[in-house]
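Below is one structure, written out as structure tokens; comments come after it.
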Amino acid sequence: MTAETQLPQATGSCCSPSGSCHDGADAGAQEGGVTTVYQVSGMTCGHCEGAVSEEVSGIEGVTSVKAVASTGRVTVISAAPLSDDAVRAAVDEAGYELVGRA
């Protein structure tokens, strides 16, 4: 699974010209499922988005993750509702803090 992020690239960023750490190949995977939006603190760039997206996408049942550093929002699409504890653990593993649901 590939995580999708969308943010204009900052000067000196480690991300691609589109501001994405990934190619967005799973953009069509967002159909169906349960959509939950979380608020995460500490993300500042596309690299941060990629780290959070990678960890959250590892949760069983997650089909799509879109993290946006400028808003701190992480939109997760999953086959079934996710445990907030599982999402919190994934965000913590990435080095950021889950504030709660947005």
Indicate yes or no: at least one non-hydrogen side-chain atom of [X] is less than 4.5 angstrom from one of [Y].
X: V91; Y: E55; answer: no
X: V87; Y: L98; answer: yes
X: Y38; Y: D84; answer: yes
X: Q39; Y: R101; answer: no
X: L82; Y: I59; answer: yes
X: V74; Y: M43; answer: yes
X: Y96; Y: S41; answer: no

Exercise for the section: Indicate the atoms forming the closest heavy-atom contact of C48 with G42, along with that distance. Expected result: SG-O, 4.4 Å
Practice task
Provide the closest heavy-atom pair for A69 versus C45 in the form atom of the first, atom of the second, distance.
Solution key: CB-N, 3.6 Å
Fill in the blank from the handout: So CD of E54 and CD of E93: to nearest 0.5 Å the spacing works out to 10.0 Å
Handout entry: Interatomic distance, K66 atom NZ to T35 atom OG1 [nearest 0.5 angstrom]
Key = 11.5 Å
Exercise for the section: Please check if atom CZ in R73 has more than 12 non-hydrogen atoms from other residues, nucleotides or ligands closer than 6.0 Å. Expected result: no
